[in-house]
Trainee: 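Structure below; questions to follow.
Just so it is clear: chains get the letters A, B, ... in the order the sequence lines come, proteins before strands, and each one is counted from 1.
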Amino acid sequence: MTERYIARSSAIAARMLGGEMMIMSAVDSTFFTLNEVATIIWQSADGGTSLSEIVEKVCREFEVEPDSARRDAEQFVDELSRHGILLISDKPIDNPSTRPTEAL
Amino acid sequence: MKQQWNRSSQLCRRAEGPWNASKYEGNELSPAIQTHEVAIEIGGIPVLLRTEDASFRDLLENRYAGFVSRTARPKFEFDVDVGPHGASTDEDLQVKIQAGKWLLWRGDFNSEWDPRAGKGWIRQSANPYSIDSVLRIVHSLILAREGGFLVHSASAIRTGRAFLFSGLSGAGKTTISRLAPSDVTLLTDEISYVRRDGEGYRACGTPFAGELARLGENCSAPVATLFFLEQGPKNQIRPISSADAVRRLLRNILFFADDPDLVKLVFRSALDFVTLVPVRRMTFLPDERVWELVD
């Protein structure tokens with residue numbers, strides 16, 4: 001399977017509130033709230049950590065089968081990338097503009 | 001040798017204040033042009049509208065009666081060209097920033113506004129809905145930079161504190177406004193004006209009326225609670241999660257601009273508001289007892 005790398009877009013605003021990560025696309029104003037697992041994926045999306053490593057991290061913290069976690073993570077990143085919230089590449093993403101615009 | 005041009009020899013110039021006064025301007029060289037100035041102060045932010053159309057001035061002074069300021073020095077000025085500029089309010093509104101200037105247009109008006117210079121112009125028909133829309137847009141843009149917003153919400157002051165009742169059309173904003181007892185000061189039944197005020201927020205009266213067709217009072221108070229209205233079998237206040245509160249608030253904030261930076265600002269304002277102000281769900285029956293829950 002091709003490895004994937006994910007990075008947070010700069011065209012978003014995000015903040016943790018009441019224990020939930022909230023994200024808004026500055027491009028199409030779509031608003032998302034993330035659960036705990038999705039928040040780990042989001043916070044790990046630094047462009048340099050592969051999705052496989054992120055899924056391993058999720059599996060260490062939650063009782064979940066690796067295949068199931070991988071499938072859910074793939075769906076999650078695909079959906080956020082469709083709204084321009086996450087950037088996806090088959091190589092590490094080294095772009096300062098991908099840093100989040102708000103403190104996580 | 002040509003004479004040097006100076007301001008005093010301009011063919012026509014505008015006099016400085018006093019605001020709202022009708023001024024006869026011009027000099028021997030120019031045709032007589034009478035301009036009329038009306039400063040409309042909403043949320044403590046006066047906006048000067050300047051027109052050569054006396055009947056439009058009268059329309060402004062009547063429509064915004066309690067919000068016409070005779071003393072405040074306006075921070076923003078607009079020249080309003082009233083004429084046959086189209087009357088369709090059905091076209092989609094567009095608001096964009098270009099080279100530091102906001103461009104606003106719809107079927108019934110177009111406008112340009114330079115927020116740094118504090119100046120702009122509006123071309124519209126003699127239609128009160130057009131100027132109402134421009135004022136809402138301009139104030140929403142001003143507030144976004146300050147951490148505030150306009151929100152679909154009735155608001156009212158009771159015992160020195162402001163309460164907001166938010167919801168889309170049909171949620172009950174006008175109904176709860178109509179049921180307000182006599183000790184309540186109504187700020188608006190349709191669009192609330194919310195400004196950042198230290199570690200909290202302040203709700204200000206607006207002339208943007210809904211079905212009640214009554215201007216709000218031109219005063220303000222610190223926001224105590226935001227209620228999201230719902231139709232229900234009894235009068236009841238219930239908690240709401242932060243995420244749901246932010247989601248509902250974002251849905252009700254008036255936001256017109258196609259501008260990613262402003263989207264981020266509005267998002268931050270909504271989260272700051274939910275962090276600092278209690279937010280609740282309110283279901284109510286359409287009778288005055290609902291106000292027993294508000295104090």
Trainee: Heavy-atom cut-off 4.5 Å, strictly under: side chain, backbone, both or neither for A:I23 against chain B?
Mentor: backbone
Trainee: Which label fits B:F165 and B:F227: parallel for a plane angle under 30°, tilted from 30 to 60°, or perpendicular past 60°?
Mentor: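 The rings of B:F165 and B:F227 lie parallel, inter-plane angle below 30°.
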Trainee: Please state whether the side chain, the backbone, both or neither of B:D272 comes within less than 4.5 Å of a heavy atom of chain A.
Mentor: both
Trainee: Are B:F76 and B:W113 near enough that their ring centres are under 6.0 Å apart?
Mentor: yes
Trainee: Counting only heavy atoms not in A:E36 (residues, nucleotides, ligands), do more than 12 fall under 6.0 Å from its CD?
Mentor: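 Check fails, neighbour count at 12 or below.
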Trainee: Which bit of B:V266 comes within less than 4.5 Å of chain A, counting heavy atoms only: side chain, backbone, both or neither?
Mentor: neither
Trainee: Heavy-atom distances under 4.5 Å only: say whether B:L271 touches chain A with side chain, backbone, both or neither.
Mentor: both
Trainee: Is any side-chain heavy atom of B:L135 closer than 4.5 Å to one of B:F208?
Mentor: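 Counting from C-beta outward, B:F208 and B:L135 do come under 4.5 Å.
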